[in-house]
Amino acid sequence: MFLAVALKGSGMLISLLMLPTYMSFFTNQSTLGIWFTLLAFINWFITFDLGVTNGLRNRLVGPILNNDGEEIKRLISSSYGVIFLLVLLISIIAIPLFTFINWQTFLNTNISNAYLLKVIVILFLGVMIQFVLKTVYSVLYALNSPSLVSLVALSSSILLLIGLKILPKYSEEVNLLNLSLLYLITFTLPIILVTIYVKIYILKSNFFSIKSIHYNYGKKVLSIGIIFFLIQILYLIMSNTNEVFITATNSSKDVVTYKVYYSLFSLVSSFFVVMMTPLWSEITTAYEKEEYNWLSGLAKRLYKLLFLSIIMLILLTFCSQTILDIWLKEKSFQINYLYCFIFSIFVFVSMWNSIISSFANGLGILKIQLIFMTVGVLLFMVFIYITKDYNSWIFIIVANILAMLPYCIVQSIWLRNFLKENRS
């Protein structure tokens, strides 16, 4: 856990260095906003794994506890098989479809449609490769080795930062194209290396084998995975569409301002999230062993950390202008403290959501999450529609908060009652 937190802390430092480096790489901040919007759009496709990776993560816990190597191999191999078929299907549909979209209009930019299409296709191919390779993350989480996942993310960020520093600057169009190629390489290579490491040094003969791909095992992973998939899609709409909606309702330049606030306030939530990531599998393990007292104690400790974050968010708000001036130097701007207050609430609610979702996902009891994520998406879309003429992107963050709150409240009540009924 300590190593994972240390790696995450290093990753946060790199991400803080990344934003001003991006801002220096693009002379026009609207182009940078387009880059962030394209990344958000393309990364949607990773969620179309029908929940296979999350289903695999839960299904692997039992065989790992029982040291059943053959079961482990079949589950992993079948998951890779299902995801590879999905990637083929999505690619066959998406790439021709991209050619019919007017990207200039969609992104509200003067950059030529031909260049934008090339960037989209390169990013899409990169994400599809990650789509398959990131299956190894579920294996690592089930093995309680989240530090390796953090190491991959850190390595990719470092490589991208170095690449941005040394990449020659040309026109904005060429810069976008070159950056997309750099992104493909830097975010693919580390995952390939860690996959090889897991195969050779951790699971060895119990990892992937074409002969171990079985229809029934693919179906087994999908049986719980399809619910995870629906929840992923709903959560994606609520939280991973901000850049797209900001571009559509305001401008791509506002996306850069949003990313500054988001990066600043996510300093508080990042360490919390890295602690929550391995707990999903630990919760599943404890549930398998019926260790309800441990689960209850864990929930209490996490809620204490959640309320401690309020103090951190208040301090961050008061120091935000100073941090911004040091961080962005000549690119700094005047902080809006109302925006800071809204982002503080957003981060708090996101952390709250992370706690209760980890319990719901780890326990595999997903009905409440599915219902209230659906309610949340409806609230999110309605609120954005009502406020679209106010010409302020901060309403999209308010919509995020309103969308998550009903689920957080109801799932928290359910979790308290569930743990109270089952602990001895």
Side-chain angles (χ1 to χ4, degrees), residues 11 14-15 17-19 21-26 31-49 53 80 83-99 101 103 106-107 109 111-137 148-198 236 240 243-244 252 255 259:
I14 296 299
S15 67
L17 294 171
M18 191 76 75
L19 190 55
T21 306
Y22 268 135
M23 293 171 82
S24 298
F25 184 72
F26 290 107
T31 310
L32 177 55
I34 289 167
W35 171 254
F36 287 139
T37 304
L38 287 175
L39 280 183
F41 172 72
I42 288 297
N43 278 313
W44 293 352
F45 289 95
I46 288 183
T47 63
F48 293 110
D49 68 347
T53 51
Y80 271 109
I83 289 176
F84 181 74
L85 288 175
L86 283 171
V87 164
L88 277 180
L89 180 62
I90 293 169
S91 300
I92 289 168
I93 295 171
I95 292 177
L97 188 63
F98 290 158
T99 61
I101 297 173
W103 294 104
F106 179 75
L107 295 166
T109 179
I111 295 175
S112 74
N113 202 65
Y115 263 101
L116 289 172
L117 180 59
K118 288 176 185 177
V119 171
I120 285 281
V121 171
I122 291 168
L123 286 176
F124 176 78
L125 291 174
V127 167
M128 288 297 99
I129 294 168
Q130 290 179 57
F131 199 148
V132 177
L133 294 175
K134 278 188 174 181
T135 306
V136 76
Y137 287 0
L148 280 174
V149 179
S150 299
L151 180 61
V152 171
L154 176 61
S155 301
S156 294
S157 297
I158 291 172
L159 289 172
L160 182 60
L161 181 63
I162 294 170
L164 275 170
K165 291 283 189 182
I166 64 175
L167 203 64
K169 296 177 187 177
Y170 300 102
S171 68
E172 296 291 86
E173 292 180 336
V174 176
N175 286 344
L176 262 180
L177 188 62
N178 289 343
L179 184 54
S180 63
L181 288 166
L182 178 66
Y183 182 86
L184 185 152
I185 295 166
T186 56
F187 277 81
T188 302
L189 183 60
I191 311 177
I192 293 172
L193 294 176
V194 83
T195 302
I196 294 169
Y197 176 81
V198 171
L236 178 148
N240 283 31
E243 292 90 345
V244 175
S252 58
V255 174
K259 293 295 283 189

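Along the sequence shown, residues are numbered consecutively beginning with 1.
Rounding to the nearest 0.5 Å places CG of Leu107 at 6.5 Å from CD1 of Ile120. With rounding to the nearest 0.5 Å, the separation of CD1 in Ile34 from CZ in Phe26 is 9.0 Å. To the nearest 0.5 Å, atom CD1 of residue Ile93 and atom CG of residue Leu88 are 11.0 Å apart. Ile90 contributes atom CD1, which lies 11.0 Å from atom CG of Leu85 (distance to the nearest 0.5 angstrom). Remark: Ser180 OG to Phe124 CZ distance equals 14.5 Å, nearest 0.5 Å. Here CH2 of Trp35 is found 9.0 Å from CZ of Phe25. Values are rounded to the nearest 0.5 Å.
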### Task
Would you check, one step at a time, whether the test side-chain contact (heavy atoms from CB on, under 4.5 Å) holds for Leu125 with Ile95?
CA-CA 9 Å; Leu125 291 174; Ile95 292 177; 4.1 Å; yes

### Task
Output, in order, the C-alpha distance, side-chain angles, deciding distance and verdict of side-chain hydrogen bond (donor to acceptor under 3.5 Å, both in side chains) for Thr31 and Glu172.
CA-CA 7 Å; Thr31 310; Glu172 296 291 86; 3.0 Å; yes

### Message
Test side-chain contact (heavy atoms from CB on, under 4.5 Å) on Leu179 and Leu160; report intermediate values, then the result.
### Response
CA-CA 9 Å; Leu179 184 54; Leu160 182 60; 4.2 Å; yes

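Asn175 contributes no side-chain N or O that, together with a main-chain N or O of Lys169, makes up a donor-acceptor pair within less than 3.5 Å. Panel note: side chain Ser156, backbone Thr186; a donor-acceptor pair is recorded below 3.5 Å.
Cation-pi geometry between Lys118 and Tyr115 is met: under 6.0 angstrom from the ring centre, within 45 degrees of the axis.
In this structure, the ring pair (Phe, Tyr, Trp, His ring centres under 6.0 Å) partners of Phe36, at least two apart in sequence or on a different chain, are Tyr22.
Between Met23 and Leu32, the shortest heavy-atom distance links the atoms CG-CD2, 3.7 Å. Taking every heavy atom of both residues into account, Thr21 and Leu161 meet most closely at OG1-CD1, 3.5 Å. The two atoms that bring Ala40 and Glu243 nearest to each other are CB-OE1, 3.5 Å, heavy atoms only.
Screening Thr188, Val87, Ile191 against Ile129 for a side-chain contact (heavy atoms from CB on, under 4.5 Å) leaves a single residue, Thr188. Partner of Leu176 under the side-chain contact (heavy atoms from CB on, under 4.5 Å) criterion, chosen from Ile122, Thr109, Leu123, Val119: Val119.
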